[in-house]
Amino acid sequence: MLKPLYFLLFSVALLSGCASMQSNQSSLYDQLGGQSVIEDITKNLLDIVYADERIAFLFEDTDRAALHETIVDQVCMETGGPCTYEGLDMVEAHSGMEIKYSEFDAFVEDFILAMEASNVPFRLQNQVLAIFAPMRDDISYQ
Ligand code: HEM
């Protein structure tokens, strides 16, 4: 009589164990929703950045399609996805642009808006920002 109940409880315990193991082990890339979500975030990011008068001028001579591809690859790789970023390292890519701290911060604000628009949960937004925020001192100046 009690056996089905024990079986049910055992199954629930096993399933929730698996679920928590999975969330501990799955990469940030998977938690974000994989390639299609990263493509979507990047599209939103460039839409917002190109319309942001605080920083759009910095992108005037940039090939937008190529930039989209390199940012997707970089975010994919840095979040543990199956991509290899083959672009310039971040210091090289941004050298000579004399990006101000305020411009870096504007870009990060736009990144947050892009993740919001792609429905990325706040907790995951913070994990993505934690990867890129340390670049502030490498690529921007007062
Ligand atoms: C969160 C930090 C950032 C990340 C992850 C990032 C990522 C990238 C990547 C992957 C590239 C392409 C590199 C290549 O061509 O191989 C790039 C280029 C570029 N980035 Fe960033 N970037 C960041 C911050 C910024 C900021 C703050 C600005 C300006 C406000 C900026 C402006 C540019 C521009 C204009 C290019 C194109 C350079 C060119 O045309 O050759 N980036 N960035």
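First listed ligand is number 1; within each ligand, the first listed atom is number 1.
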task: Check ligand 1 against F132 and write out every atom of the ligand that is under 4.0 Å from a heavy-atom position of the residue.
output: 1 (C), 5 (C)
- prompt: In ligand 1, which numbered atoms sit nearer than 4.0 Å to a non-hydrogen atom of L88?
  reply: 14 (C), 16 (O)
message: Applying a strict under-4.5 Å side-chain criterion to I, L, V, M, F, W and Y, I'd like to know whether M115 and L67 cluster together.
response: yes
- request: Can you establish whether the number of heavy atoms outside F122 located under 6.0 Å from its atom CZ is more than 12?
  value: no
- request: Write out the residue and atom name of the closest protein heavy atom to atom 40 (O) of ligand 1, then the distance separating them to 0.1 Å.
  value: T62 OG1, 2.9 Å
query: Nearest protein heavy-atom contact for atom 20 (N) of ligand 1: which residue, which atom, what distance?
result: H94 NE2, 2.8 Å
message: Considering both backbone and side-chain atoms of D63, is one of its nitrogen or oxygen atoms within less than 3.5 Å of a nitrogen or oxygen in ligand 1?
response: no
4.5 Å side-chain heavy-atom contact, R54 and E109: yes
- request: Please report which non-hydrogen protein atom sits nearest to atom 12 (C) of ligand 1, along with the residue it belongs to and the distance in Å to one decimal place.
  value: T70 OG1, 3.4 Å
query: Can you tell me how far CD1 of I99 sits from CZ of R136, rounded to the nearest 0.5 angstrom?
result: 12.0 Å
message: Geometry only, no angles: is E103 polar-contacting ligand 1 at N/O separations under 3.5 Å?
response: no
message: Any heavy atom of R136 closer to ligand 1 than 4.0 angstrom?
response: no
- prompt: In the protein, what heavy atom is nearest to atom 9 (C) of ligand 1, and what distance, to one decimal place, separates them?
  reply: M90 CE, 3.7 Å
message: Using a 4.0 Å cut-off to any heavy atom of Q74, which atoms of ligand 1 qualify?
response: 5 (C), 7 (C), 10 (C)
- request: Might you check, step by step, whether the distance between atom 16 (O) of ligand 1 and some protein heavy atom is under 4.0 Å?
  value: yes
- prompt: Can you tell me how far CG of N119 sits from CD1 of I41, rounded to the nearest 0.5 angstrom?
  reply: 10.0 Å
- request: Tell me which part of F107 gets within contact of ligand 1: side chain, backbone, both or neither, using heavy atoms under 4.0 Å.
  value: side chain
field: Shortest protein contact, atom 13 (C) of ligand 1 (heavy atom only)
entry: Y85 OH, 3.4 Å
query: Can I48 be reached from F57 by stepping across I, L, V, M, F, W or Y side chains whose heavy atoms are under 4.5 Å apart?
result: no
- prompt: Given the rule that I, L, V, M, F, W and Y join up when any side-chain heavy atoms are under 4.5 Å apart, are V120 and L129 in one cluster?
  reply: yes
message: Applying a heavy-atom cut-off of 4.0 Å, say which part of I139 lies close to ligand 1: side chain, backbone, both or neither.
response: side chain
task: Is it possible for you to say whether V75 and L113 belong to one hydrophobic cluster, with membership spreading through side-chain heavy-atom contacts below 4.5 Å?
output: no
message: Using the rule side-chain contact (heavy atoms from CB on, under 4.5 Å), only one of I71, V72, V128 pairs with I38; which is it?
response: V72
- prompt: Any idea which part of V108 is under 4.0 Å from ligand 1, heavy-atom wise: side chain, backbone, both or neither?
  reply: neither
- request: Identify whether I131 and F104 are in the same connected component of the hydrophobic contact network (ILVMFWY, side-chain heavy atoms under 4.5 Å).
  value: yes
message: Check the orientation of F59 and Y50. Use parallel for under 30°, tilted for 30 to 60°, and perpendicular for over 60°.
response: tilted
query: Quick check: are there more than 12 heavy atoms from other residues, nucleotides or ligands sitting under 6.0 Å from CD of E98?
result: no
message: Suppose I only count heavy atoms of A93 and a 4.0 Å limit; which atoms of ligand 1 are within that range?
response: 13 (C)
Atoms of ligand 1, numbered as shown, that sit under 4.0 Å from any heavy atom of L58: 29 (C), 30 (C), 35 (C)
message: At less than 4.0 angstrom from any non-hydrogen atom of L67, what atoms of ligand 1 do you find?
response: 11 (C), 12 (C), 17 (C), 18 (C), 19 (C)
message: Checking a contact table here: which protein heavy atom is nearest atom 32 (C) of ligand 1, and how many Å away?
response: F59 CZ, 3.2 Å
- prompt: Does any donor atom in the side chain of E78 or Y29 lie under 3.5 Å from an acceptor atom in the other side chain?
  reply: no
query: Would M97 count as a contact of ligand 1 if the rule is a heavy atom under 4.0 Å away?
result: yes
query: G87 heavy atoms, cut-off 4.0 Å: which ligand 1 atoms fall inside?
result: 16 (O)
task: May I ask you to identify, for I99, whether its side chain, its backbone, both or neither come under 4.0 Å of ligand 1 on a heavy-atom basis?
output: side chain
